[in-house]
Number of protein chains: 2
Amino acid sequence: MSTAPIRVLIADDEPLVRSGLAVILGAEPDIDVVGEAESGAQAVALARTLTPDVVLTDVRMPALDGIQAARRILDTVVPAPRVVVITTFENDDSVHDALLAGAAGFLLKRSRPEAIVQAVRLAAFGDTLMFPDSVRDLALHRRRATTPFPHPLSEREQDVLRLMASGLGNAEIAATLFLGAETVKTHVANILTKLGARNRTHAVVLAYRSGFVAP
Amino acid sequence: MSTAPIRVLIADDEPLVRSGLAVILGAEPDIDVVGEAESGAQAVALARTLTPDVVLTDVRMPALDGIQAARRILDTVVPAPRVVVITTFENDDSVHDALLAGAAGFLLKRSRPEAIVQAVRLAAFGDTLMFPDSVRDLALHRRRATTPFPHPLSEREQDVLRLMASGLGNAEIAATLFLGAETVKTHVANILTKLGARNRTHAVVLAYRSGFVAP
DNA sequence: TAGACGTTCCCCCGAACGGGGGAGGATCGT
DNA sequence: ACGATCCTCCCCCGTTCGGGGGAACGTCTA
């Protein structure tokens, strides 16, 4: 297992994060941090000249975001490095885009240092991929439409609609949410008018089609 | 990093695979193979008594397949171990099911031993997930193999269900298909009993979840 | 030929749904 | 202090659903 060390390029607009990653990765004997970029454009340029094995890039960056940078790197740099995307936010919809762009992995900045190191090693292996549980669903399911409904539903109405989308009747929804049956009726009626649905089944259909609930 | 070793339970119906995995994992100083199961049912039983940190289970097994075993282990064993599913076939649709069942990872038997070891370590970390590139698309995209209904629907019943899944009422369905309202009622009743649905909305939900109708 | 199954239609009837109205209380921003 | 919004519950009342029967007609098969 003692071959050439893994050459890593770090791309992040925050110097603190860059140095943190550099320290974590540089401490490993089988990993060499060969460069750091503070923008997506610079990451692409450095990837071309340095030809690293792994590019560890943030999602949000000036000049070129991490997804576009990843796409451009994978398209233009030969031999193509493995790109691991890192982000701060758990509920980031870009997971799906990143993986479709060809990223080898996706992880959170709050991950354990060991996990980050392992992710880089796995990416260098060339046949594996990893990302945190907290964003797994985002990769598994189709991207959720942000605001599909013309009139936004209130919190409670969303609760009711979710249960409606499970096939529950008004009485069952009332029992689940500890509400009176009349209250549920009110919420259902408001949902129908807000969504422009003809009946409860139509409302559920709209909920599925809009991505409000995952199939 | 020198805490207690990772306790691993191996489940596979082929003794050769079991011993192979045991050798690979046992060679690592931070990993202990605490048990081996040759069926899904035995895996569940051993998981309860051994309470391992990680369960490495095959997909295809007698008595109980790996997916069902994973689901049962995650539901009943406390503290819940991390389940990593392993399979022989790249084009295995069960990737999606496994991840939805709560599996922490998915990998191929032809993976490098290093990758398998890393997968176990990452699973033990508790917040990461990995699986090979070759099956990534299966996890990213929706399952296309539509799970058939327990009792198959007749042609006409499928017509009615499709219109139900558009949010139409019985009268509208009757008008669309040039049928009497009573006929539609009969079909709907048969659909509900065949699908085991509680009401028409539930039937539409099942139609969406099974892939019978596209979202 | 005698079933089995699917499709079509009918009846009754209770339960659930959906539209209309009103009303009290909580919270929040102006 | 006021209005806006949301959540909660109540009333009436007509429509729709859903379950229980039954029955006619066709096709296909054993």
Check: Starting at the 5' end of DNA chain D and moving along, which residue's nearest nucleotide shows up first, A:Lys185 or B:Met164?
Finding: A:Lys185
Checklist line | Pair A:Asp75 + A:Arg72: basic N to acidic O under 4.0 Å | finding: no
Checklist line | Length of the line joining B:His202:NE2 and C:dC17:P, which is rounded to integer Å | finding: 14 Å
Check: Quick one: are A:Ile86 and A:Val17 in side-chain contact, heavy atoms under 4.5 Å?
Finding: no
Margin query: Just N and O in the side chain of A:Ser154: are any of them under 4.0 Å from OP1 or OP2 of D:dC7?
Written below: yes
Check: To the nearest angstrom, how far is A:Glu155 atom CD from D:dC7 atom P?
Finding: 8 Å
Notebook entry, point to check: Between C:dT8 and B:His187, is there an OP1 or OP2 to side-chain N/O distance shorter than 4.0 Å?
Noted result: yes
Item checked: Nearest-Å distance for atom pair CG/C1', residues A:Leu192 and D:dT16 -> 13 Å
Notebook entry, point to check: Separation of B:Asn190 atom CG from D:dG18 atom P, in whole Å?
Noted result: 13 Å
Checklist line | Given D:dC11, D:dC7, C:dG18, the nucleotide with the shortest approach to the side chain of A:Glu182 | finding: D:dC11
Next item on the list: Indicate, yes or no, whether a donor-acceptor pair under 3.5 Å links the base of D:dC7 to the side chain of A:Thr186.
Entry: no
Next item on the list: State, with a plain yes or no, whether a side-chain heavy atom of A:Leu9 is found less than 4.5 Å away from one of A:Val54.
Entry: no
Checklist line | Contact nearer the 5' end of DNA chain C, comparing B:Asn199 with B:Leu177 | finding: B:Leu177
Next item on the list: Take atom CG of A:Asp159 and atom C1' of D:dT8, then tell me their distance rounded to the nearest Å.
Entry: 14 Å
Check: Side chains of A:Arg156 and A:Asp159: closer than 4.5 Å at any heavy-atom pair?
Finding: yes
Check: Rounding to a whole Å, what distance do you find between B:Lys194:NZ and D:dG18:P?
Finding: 17 Å
Item checked: Carboxylate-amine/guanidinium proximity below 4.0 Å for B:Asp13 and B:Arg60 -> no
Item checked: Nucleotide nearest B:Arg200 (side chain, heavy atoms from C-beta), chosen from D:dC7, D:dG18, C:dG18 -> D:dG18
Note to self: Rounding to an integer number of Å, can you tell me how far B:Leu179 CG sits from C:dG6 P?
What the structure shows: 16 Å
Next item on the list: For A:Thr183, report the nucleic acid contact type (base, sugar-phosphate, nothing); a contact means any heavy atom under 4.0 Å.
Entry: base
Item checked: Contact under 4.0 Å: B:Asn170 side-chain N or O vs D:dT16 OP1/OP2 -> no
Next item on the list: Specify the separation, in whole Å, of atom CG of B:Leu195 and atom C1' of D:dG19.
Entry: 16 Å
